[in-house]
Amino acid sequence: MIKAITGTKDILPPEMPKWKILESIVNDVFTGFNYKEIRTPIFEETSLFARGIGEETDIVGKEMYTFIDRSQTSLTLKPEMTASVVRAFNEHSLGKQQPLNKLFYISPMFRQERPQAGRQRQFHQFGGEAIGSASPLLDAELIIIAYDILKLLGLKDLTVKINSLGIPASRENYKKLLKDYLKDSKHLLSEDSRKRFDQNILRVFDSKVESDQEILKNSPLMIDYIDDESKNDFGVVKTILTNSKIPFEVDAKLVRGLDYYTKTTFEIVSGKVGSQSALCGGGRYDLLVEQLGGAPTPGVGFAAGMERILLACENENSLNLPKEEIDLYIIKLDKELSSKVFELSLSFRKNNLIVDFDYLDRSVKAQMREANKLNSRFVLFIGGDEYKSEKLNLKNMSTGEQQLIELNDYHRVIEIIKK
RNA sequence: GUGGGCAUAGCUCAGUUGGUUAGAGUAUCAGGUUGUGGCCCUGAGGGUCGUGGGUUCAAAUCCCACUGCCCACCCCA
């Protein structure tokens, strides 16, 4: 039997309600902040991600779904959305139509990693990007949007972490300081951390190895060495979050794994989703637009993992899903009435009722059981003696009451059901 | 890429030191009087015990390989 590809999952009908709730909250919150939805293709030229995300990152180095198409072009299934949004922003000169573009998206993403709890190879993210302003108000706004969405889903076990990476010049200075600090104890670091020491020293902070963290305990912190502008912007973000009653902690060791980040970065983690705890991550990327061939334009954004969020919702039991029900189930007492039932159902459906009936010519008992299973609010019997005297029998399933209605007066049925 | 765990009905799982036609619950279907649900009762269908090899008179059970899934590391959402 052919099965779904490793790391991909079918979302079956019973799981659909929670996805719908999540999507509608995302849509509503972003719309409230006047963000406009954007959709981009599922794949792009490979070089977009290589240049946008950074050649040295794990995503580009070992996780992309890259293939050569029939015209020998290297294509890649999008592993994240920011590079695509910026590409679209540049391609359509969105910055020239208006100085600030506030955009949001909901989309599948692809990364070829080993699956585990909260991690799939095809997964879904929603996110927002504000391109065209360096104002820290937007940094704060996006954090608030992300936090609002998670709160509206009823999540409680959340931590907002923020940090500032500064501008590239101050970051380079800091990297030197860190290198000096770690130089003497490099041989004591774990193998992975020694690799990071050479490739991207900031990521040594990501290490979960205790002895590494021990070595880092008294290291200089980036937050103390960032440039004045970044420091000032970071202060504004903190003030807004405080005034907005968003609990946050400054995590000077929060280093994000994508190369394009500058200044403010943030992450929201949950204690309820296993070891992959980051529900949401983002930050400012003031150089990316230019780097991808556009005019110098500052931007800020975040992405959130929808599977992880829904996992957290389940583990916190935070969603109250409405009971699924239908309005009417039509039951035929005589098999010959199939086409009459079908016609009737069309009339009801035109009046926005959710209607179903038996297509399998089953017994009345079976039809009733089906109606009950579907949580049908009403059942309409057609056939038998009533039919001979041109009547239908409408039953209210919660009270058990039944009443006769003229055969041709289906408006009366609609009236009763809609009441 | 590395490590650990698991693989028996659609689903959740039993299956005792290898020993008759592999079980339960649930779901599905049919029935419990002629045309009426939920609860309850009866019955039916449904499994090449992940795949391939080996040991044995005999394998779901022991051994090997492969595959898949889960969890963790790396890293990220």
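Convention: sequence-line order gives letters A, B, ...; per-chain numbering from 1.
Phosphate contact (OP1/OP2 of B:A72, side-chain N/O of A:Gln276, threshold under 4.0 Å): absent. For the pair A:Lys9 and B:C70, the criterion of a side-chain N or O lying under 4.0 Å from OP1 or OP2 is met. Phosphate proximity of B:A77 to A:Gln125: absent, as no side-chain N or O sits under 4.0 Å from OP1 or OP2. Proximity of A:Ser363 to the phosphate of B:A30: no side-chain N or O atom is located under 4.0 Å from OP1 or OP2. Within the structure, every side-chain polar atom (N or O) of A:Gln402 is placed at least 4.0 Å from both OP1 and OP2 of B:U36.
Note on A:Gly384: a base of the nucleic acid sits closer than 4.0 angstrom, heavy atoms only. Within 4.0 Å (heavy atoms only), A:Lys335 reaches no atom of the nucleic acid at all. If you check every strand for non-hydrogen atoms under 4.0 Å, A:Ala303 touches sugar and phosphate atoms only. Here A:Leu258 lies in heavy-atom contact (under 4.0 Å) with sugar-phosphate atoms only. If you check every strand for non-hydrogen atoms under 4.0 Å, A:Thr57 touches nothing. Within 4.0 Å of A:Gly118, counting heavy atoms only, lies at least one base atom of the nucleic acid. Within 4.0 Å (heavy atoms only), A:Lys3 reaches sugar-phosphate atoms of the nucleic acid but no base atom. Using a 4.0 Å heavy-atom criterion, one finds that A:Phe302 contacts no nucleic acid atom at all. Within 4.0 Å (heavy atoms only), A:Gln120 reaches at least one base atom of the nucleic acid. No engagement by A:Glu307 is indicated, since no non-hydrogen atom pair under 4.0 Å with the nucleic acid exists. Among the atoms of the strands shown, only primed sugar atoms or phosphate atoms (P, OP1, OP2) are found under 4.0 Å from some heavy atom of A:Leu279. Within 4.0 Å of A:Asp385, counting heavy atoms only, lies at least one base atom of the nucleic acid.
Here the side chain of A:Glu307 pairs a donor or acceptor atom with the backbone of A:His124 at under 3.5 angstrom. Judged purely by atom type and a 3.5 angstrom limit, A:Asp69 uses its side chain to pair as donor or acceptor with the backbone of A:Thr73. Side chain of A:Ser244 to backbone of A:Ile240: a donor-acceptor contact under 3.5 angstrom is found. When atom types are taken as modelled, the side chain of A:Gln120 and the backbone of A:Gln122 share a donor-acceptor pair closer than 3.5 angstrom. Without hydrogens or angle criteria, A:Glu290 side chain to A:Leu287 main chain gives no donor-acceptor distance under 3.5 Å. Here the side chain of A:Asp139 pairs no donor or acceptor atom with the backbone of A:Thr264 at under 3.5 angstrom. In this structure, the side chain of A:Glu316 engages the main chain of A:Asp157 through a donor-acceptor pair within 3.5 Å. Of the possible polar contacts, one joining the A:Arg121 side chain to the A:Glu113 backbone as a donor-acceptor pair under 3.5 Å is found.
The C1' atoms of B:C71 and B:G53 are separated by 30 Å, rounded to the nearest whole Å. Of the C1' atoms belonging to B:U26 and B:A9, the separation is 11 Å, rounded to the nearest Å. Taking atom P on both nucleotides, B:A58 is separated from B:U2 by 38 Å, rounded to a whole Å. Rounded to a whole angstrom, the distance from the C1' atom of B:G10 to that of B:U28 is 8 Å. Rounded to a whole angstrom, the distance from the C1' atom of B:A60 to that of B:A14 is 12 Å. Look at the C1' atom in both B:G47 and B:C41: the space between them is 27 Å, to the nearest Å. Comparing the C1' positions of B:C62 and B:G18 gives an interatomic distance of 8 Å, to the nearest angstrom. B:G45 and B:C6 have their C1' atoms separated by 29 Å, given to the nearest Å.
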Protein and nucleotides 7-12 of chain B: nitrogen or oxygen contacts under 3.5 angstrom:
none

Polar atoms only, N or O, under 3.5 Å: list the protein pairs with nucleotides 1-4 of chain B and their distances.
| unit_1 | atom_1 | unit_2 | atom_2 | d |
| --- | --- | --- | --- | --- |
| B:U2 | O4 | A:Arg114 | NH1 | 2.9 |

Watson-Crick and G-U pairing of RNA chain B written in dot-bracket, each distance under 3.5 angstrom, with | for inter-strand partners: (((((((..((((.....[...)))).(((((.......))))).....(((((..]....))))))))))))....
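Comparing B:A30, B:U36, B:A72 against the side chain of A:Arg362 picks out B:A30 as the nearest.
Between A:Ala4 and A:Gly274, the residue anchored closer to the 5' end of RNA chain B is A:Ala4, taking for each the nucleotide with the nearest heavy atom. The residue among A:Arg308 and A:Ser275 whose nearest nucleotide of RNA chain B lies closer to the 5′ end is A:Ser275.
Going from atom CG of A:Leu392 over to atom P of B:G35 covers 18 Å, rounded to whole Å. Atom CG in A:Leu150 sits about 12 Å away from atom C1' in B:A77, given to the nearest Å. Between the CG atom of A:Asp361 and the P atom of B:G35 there is a distance of 14 Å, given to the nearest Å. In this entry the distance linking CD of A:Glu386 with P of B:U36 reads 12 Å, nearest Å. Distance CG (A:Leu404) to P (B:G35): 18 Å, rounded to an integer number of Å. Per the geometry, CZ belonging to A:Phe266 stands 11 Å off P belonging to B:A77, to the nearest Å. Atom CZ in A:Phe123 sits about 6 Å away from atom C1' in B:A77, given to the nearest Å.
With respect to A:Asp385 and A:Lys388, a salt bridge is recorded, a charged nitrogen being found less than 4.0 Å from a carboxylate O. A salt bridge links A:Arg39 with A:Glu37: the closest approach of a Lys/Arg side-chain nitrogen to an acidic carboxylate oxygen falls below 4.0 angstrom. A:Lys391 has a carboxylate O that lies under 4.0 Å from a charged side-chain N of A:Glu406, or vice versa, which qualifies the two as a salt bridge.
Judged by atom type and distance alone, A:Gln367 does not reach the base of B:G35 through any side-chain donor-acceptor pair under 3.5 Å.
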Under the ring pair (Phe, Tyr, Trp, His ring centres under 6.0 Å) criterion, do A:Phe104 and A:Phe30 qualify, and how do the steps go? CA-CA 7 Å; A:Phe104 79 97; A:Phe30 273 114; 4.9 Å; yes
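Aromatic stacking is not marked for A:Phe381 over B:G35, as the cut-offs of 5.5 Å for the centres and 30° for the planes do not both hold.
Partners of A:Lys332 according to the salt bridge (Lys or Arg N to Asp or Glu O under 4.0 Å) rule, which considers only residues two or more places apart in sequence or in another chain, are A:Asp358, A:Asp361. In this structure A:Thr46 satisfies the side-chain contact (heavy atoms from CB on, under 4.5 Å) test together with A:Met64, A:Thr66, A:Ser74, A:Thr76, sequence neighbours excluded.
The one candidate from A:Arg349, A:Arg377, A:Lys418 that meets the salt bridge (charged side-chain N to carboxylate O under 4.0 Å, His left out) condition with A:Asp327 is A:Arg377.
Classified by interplanar angle (parallel below 30°, tilted 30° to 60°, perpendicular above 60°), the ring pair A:Phe110/A:Tyr65 is perpendicular.
Contact annotation: the side chain of A:Leu292 approaches that of A:Leu48 to within less than 4.5 Å [non-hydrogen atoms, C-beta and beyond].
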The contact string for nucleotides 37-44 of chain B, one letter per nucleotide 5' to 3', using protein heavy atoms under 4.0 Å with B, S and - for base, sugar-phosphate only and none, comes out as BB-B----
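Because its NZ or CZ atom is both nearer than 6.0 Å to the ring centre of A:Phe197 and within 45° of the ring axis, A:Lys179 counts as a cation-pi partner of that residue.
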